[in-house]
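Here is the structure we will look at.
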Amino acid sequence: HDDFHPCGKPVKLYYWLLTKYAKRGQKILDTHLGSGSIAIAANQLGFSLVGVELDPDYYSSACKRIEQAYAQGDFFVAKTQPKQTQEPLI
């Protein structure tokens with residue numbers, strides 16, 4: 001269940017997808033960032049991610065969620081500081 005976005009996916013789903021289909025060192029592009037689940041999984045796995053979200057409220061919620069996930073940390077995964085920037089599309 002995802003309280004941030006009506007179509008939110010669990011982080012574990014993206015963790016599984018990235019470990020099965022992405023190769024180390026690849027940059028991940030998510031054109032519908034939504035609640036940021038993929039960004040959390042990508043950061044935990046050491047991938048660089050570019051996320052695009054048109055809705056400012058979803059973007060803000062995703063940024064907060066990503067920051068909380070990073071602050072919580074993971075004993076078994078080395079921390080890599082996510083770099084969040086917002087740039088206009090046009």
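We number each residue from 1, following the sequence as shown. Values below: all heavy atoms of this structure, side chains included; hydrogens, waters and symmetry mates excluded.
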Nearest-0.5 Å distance that lies between atom [atom1] in [X] and atom [atom2] in [Y]:
X	Y	atom1	atom2	result
Ile28	Tyr14	CD1	OH	12.0 Å
Thr19	Gln44	OG1	CD	11.5 Å
Asp30	Ser37	CG	OG	9.5 Å
Lys23	Leu18	NZ	CG	14.0 Å

Indicate the atoms forming the closest heavy-atom contact of Gly34 with Ala62, along with that distance.
-> O-CB, 3.4 Å
Between Leu49 and Ala39, the two heavy atoms sitting closest are CD2-CB, 3.9 Å
Any side-chain heavy-atom pair from [X] and [Y] closer than 4.5 angstrom?
X	Y	result
His32	Leu54	no
Val11	Arg65	yes
Tyr58	Leu33	no
Asn43	Ile66	no

